[in-house]
Amino acid sequence: MTDVLIRGGRPWGLASPADLLVRDGRIHRVGPSLDAPGALVLDVSGQLVLPGLVDAHCHLDKTLYGGPWVPHSADDSLAGRIANDLGRRAELGVPSAERAAALLARMSEAGTTHVRTHTDIDPSVGLRGVEAVREAAARSPVHVQQVAFPQHGVLTNPGTADLLAEALRSGVEAIGGLDPAGVDRDPVRHLDLIFGLADRFGARIDIHLHDGGSLGGWELELITERTKALGLGGRVTVSHAYALGELGEAAQDRLIQGFVDAGVAIATAAVYSYPVPPVKKLRAAGVTVACGHDGIRDLWGPYGSGDMLERAMHLAYRSTFRRDEDIELALEAATVGGARALGLPGYGLAPGDRADLVVVPASGPGEAVVVHPRRTLVMKDGVVLHN
């Protein structure tokens, strides 16, 4: 593989411009005026160099991206959106490898290098979503990590638990859950099943938790207790976690300390008007915070672009961040925070880190998030994908 010298950029976190020498898919050296005979030289003078963007929560199997516009047909209730999804997915050819591939292509152009996607598993769809996403991922340079996701419940949807095990047996990397109380009505049994499958197959865990208030807070405690008891620190994520944005300071502080002690990460998409976890407080305590799109142009909602800088802007805006150092927390969630949640080591801009890079014409991270400018260079594993 030919060495690549990225000349004159401003790597995020460094006070001065520096070159990055990429060799064998890794960042080999970082410093001013590097000498690299024979290297391919890419001049990005004055531009901001970031780690590759990470979408830590999306639903590739649901997307309608790349096809004709489909007017949204569900009402605003959860039950209405579920019924819309179940009733129309066959009519619209969902899941579709072609549409998932089209969305991955868009994500790659926008600088995303890694994706965690929650793939529906239920008796009506079987493992078709898993197969469609695998087919799409095989066509894309974006690394895709799938979560076997029981969108319509586990205990309340007979046959789903066996299919989740089958998905993990086939190589799906993570197991999901969904509102153990609100959907399955039995949080203890639900979590015992999900954590049991993770332990059996060595899978990571990522649980959707929309349940709010004290109920959601209690479920967060149950998840934290199991994570700590089973020694799964760094392998468990709670997505959405709306309760965290609704509880009082004392309850927040207690839960956050539990996340720190157990090694639980939080992922948010900052969607619509739903509560957003307290990103600033979580990061100050040392909790990993990741960011993702959630649905992108699907039967649950018509929005989403595939651009993680734009999504980071939504997170910063919903968090009422105005100062650059606060806005930077949203960028962290869309890059290294997502990488930590996915279990990706060596992710950043230091020597030895994987050469997943994106370059933008911005003066700093705050501008990159707010303006989400064009991507002038996207690199994955040392290979230039877009420039």
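Everything numeric here is computed off the predicted structure, so don't read it as measured data.
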| field | Separation of Ile207 CD1 from Ile175 CD1 (nearest 0.5 Å) | value | 9.0 Å
| task | Determine whether the side chains of Arg89 and Ser124 contain a donor N or O and an acceptor N or O closer than 3.5 Å. | result | yes
| Is it true that the side chains of His152 and Asp122 contain a donor and an acceptor less than 3.5 Å apart? | yes
| field | Partner of Lys62 under salt bridge (Lys or Arg N to Asp or Glu O under 4.0 Å), chosen from Asp298, Asp294, Asp120 | value | Asp120
| query | For the residue pair Ser108 and Leu385, what are the closest heavy atoms and their distance? | reply | OG-CD1, 3.8 Å
| query | Mind checking whether Val287 and Ile256 have side chains closer than 4.5 Å, heavy atoms only? | reply | yes
| note | With sequence neighbours left out, the residues meeting salt bridge (Lys or Arg N to Asp or Glu O under 4.0 Å) with Glu310 are none
| query | What distance separates Ser214 OG from Glu219 CD, expressed to the nearest 0.5 Å? | reply | 10.0 Å
| Got a donor-acceptor contact below 3.5 angstrom from the Asp206 side chain to the Gly176 backbone? | no
| task | Answer whether the closest heavy-atom distance between the side chains of Ser319 and Asp326 falls below 4.5 Å. | result | no
| request: Quick one: pull up CZ in Phe259 and CD1 in Ile266 and give me the separation to the nearest 0.5 Å. | output: 4.0 Å
| request: Determine yes or no for a side-chain-to-main-chain donor-acceptor pair under 3.5 angstrom, with Asp353 supplying the side chain and Ala350 the backbone. | output: yes
| request: Taking the side chain as every heavy atom from C-beta outward, state whether Leu357 and Leu377 have any pair of such atoms under 4.5 Å apart. | output: no
| query | Taking 4.0 angstrom as the limit, do Asp253 and Lys281 come out as a salt bridge? | reply | yes
| task | May I ask you to test the Val271-His293 pair for a side-chain heavy-atom distance under 4.5 Å? | result | no
| request: Evaluate the criterion side-chain contact (heavy atoms from CB on, under 4.5 Å) for residue pair Leu197 and Leu168; output intermediate values, then yes/no. | output: CA-CA 8 Å; Leu197 285 170; Leu168 294 173; 4.0 Å; yes
| query | Do Val49 and Leu14 sit in the same hydrophobic cluster, where Ile, Leu, Val, Met, Phe, Trp and Tyr count as joined when their side-chain heavy atoms come under 4.5 Å apart? | reply | yes
| request: Could you tell me whether the side chain of Thr376 and the main chain of Val359 form a donor-acceptor pair under 3.5 Å? | output: yes
| Is the CZ atom of Arg323 crowded by more than 12 outside heavy atoms at less than 6.0 Å? | no
| task | Report yes if the side chains of Arg189 and Pro180 come closer than 4.5 Å at any heavy-atom pair, otherwise no. | result | no
| query | Going by heavy atoms in the side chains, are Arg226 and Val188 under 4.5 Å from each other? | reply | yes
| field | Same apolar cluster (I L V M F W Y, side chains within < 4.5 Å links), Leu193/Leu209 | value | yes
| With a 4.5 Å limit on heavy-atom distance, are the side chains of Val144 and Leu60 in contact? | yes
| said: Tell me if a side-chain donor or acceptor on Asn157 pairs with a main-chain N or O of Thr160 at a distance below 3.5 Å. | reply: no
| task | Would you list the pairs meeting ring-ring contact (aromatic ring centres under 6.0 Å, His included) in which at least one residue belongs to residues 308-339, sequence neighbours left out? | result | none
| message | Closer than 4.0 angstrom, basic N to acidic O: yes or no for Glu325 and Lys280? | response | no
| query | Counting only N and O atoms by type, is there a donor-acceptor contact under 3.5 Å from the side chain of Arg169 to the main-chain atoms of Phe201? | reply | no
| query | When rounded to the nearest 0.5 angstrom, what distance separates CD1 in Ile296 from CG in Asp55? | reply | 5.5 Å
| field | Selection residues 357-387 - residue pairs positive for ring-ring contact (aromatic ring centres under 6.0 Å, His included), sequence neighbours left out | value | none
| field | From CG (Asn84) to CG (Leu299), nearest 0.5 Å | value | 5.0 Å
| request: Quick one: which residue pairs count as a ring-ring contact (aromatic ring centres under 6.0 Å, His included) with a foot in residues 89-139, not counting sequence neighbours? | output: His57-His118, His59-His118, His114-His143, His114-Tyr347, His118-Phe149, His118-His208
| In the single-linkage hydrophobic clustering (I, L, V, M, F, W, Y; side-chain heavy atoms under 4.5 Å), do Val360 and Met107 co-cluster? | no
| query | Under 3.5 Å, is there a donor-acceptor pair between the side chain of Asp19 and the main chain of Leu34? | reply | yes
| message | I need the Arg340 CZ to Glu332 CD distance, nearest 0.5 Å. | response | 5.5 Å
| field | hydrophobic_cluster_shared for Leu247 and Tyr242, side chain cutoff 4.5 Å | value | no
| said: side-chain contact (heavy atoms from CB on, under 4.5 Å) for Val264 and Leu232? Distances and angles first, verdict last. | reply: CA-CA 9 Å; Val264 172; Leu232 294 177; over 6 Å; no
| task | May I ask you to decide whether Arg7 forms a salt bridge with Asp43, counting only side-chain N to carboxylate O separations under 4.0 Å? | result | no
| Over 12 non-hydrogen atoms of neighbours within 6.0 angstrom of CZ in Arg139 | yes
| Is it true that a side-chain atom of Thr268 and a backbone atom of Ala270 form a donor plus acceptor pair closer than 3.5 Å? | yes
| request: Spell out, as yes or no, whether a donor-acceptor pair under 3.5 Å connects the side chain of Gln145 to the backbone of Ala174. | output: no
| Does the side chain of Thr117 reach to within under 4.5 Å of the side chain of Cys58, using non-hydrogen atoms? | yes
| message | Can you tell me how the ring of Tyr272 sits relative to the ring of Tyr274, calling it parallel under 30°, perpendicular over 60° and tilted otherwise? | response | perpendicular
| request: Output, in order, the C-alpha distance, side-chain angles, deciding distance and verdict of side-chain contact (heavy atoms from CB on, under 4.5 Å) for Glu221 and Arg254. | output: CA-CA 9 Å; Glu221 289 181 359; Arg254 185 178 67 255; 3.4 Å; yes
| request: Name all pairs fulfilling the side chain to side chain donor-acceptor pair (under 3.5 Å) condition that reach into residues 170-184, sequence neighbours left out, sorted by first residue then second. | output: Arg134-Ser170, Thr156-Asp184, Asp179-His210, Asp184-His190
| request: Before giving the answer on side-chain contact (heavy atoms from CB on, under 4.5 Å), spell out for Leu155 and Arg185 the whole-Å C-alpha distance, their side-chain angles and the decisive distance to 0.1 Å. | output: CA-CA 8 Å; Leu155 306 178; Arg185 320 296 293 178; over 6 Å; no
| message | Strictly distance-based, threshold 3.5 Å: is any side-chain N or O of Arg318 a donor or acceptor partner for the main-chain N or O of Pro275? | response | no
Pair up each side-chain donor or acceptor in residues 20-32 with any protein partner under 3.5 Å, not counting sequence neighbours, and list the distances.
residue: Arg23; atom: NE; partner: Asp3; partner atom: OD1; Å: 3.3
residue: Arg23; atom: NE; partner: Asp3; partner atom: OD2; Å: 3.0
residue: Arg23; atom: NH1; partner: His28; partner atom: NE2; Å: 3.2
residue: Arg23; atom: NH2; partner: Asp3; partner atom: OD2; Å: 2.8
residue: Arg26; atom: NH1; partner: Gly352; partner atom: O; Å: 3.1

| Are Val289 and Val336 connected in the hydrophobic side-chain network, where two residues link if heavy atoms are under 4.5 Å apart? | no
| request: Look at the side chain of Arg375 and the backbone N and O of Glu109, then say whether any donor-acceptor pair between them is shorter than 3.5 Å. | output: no
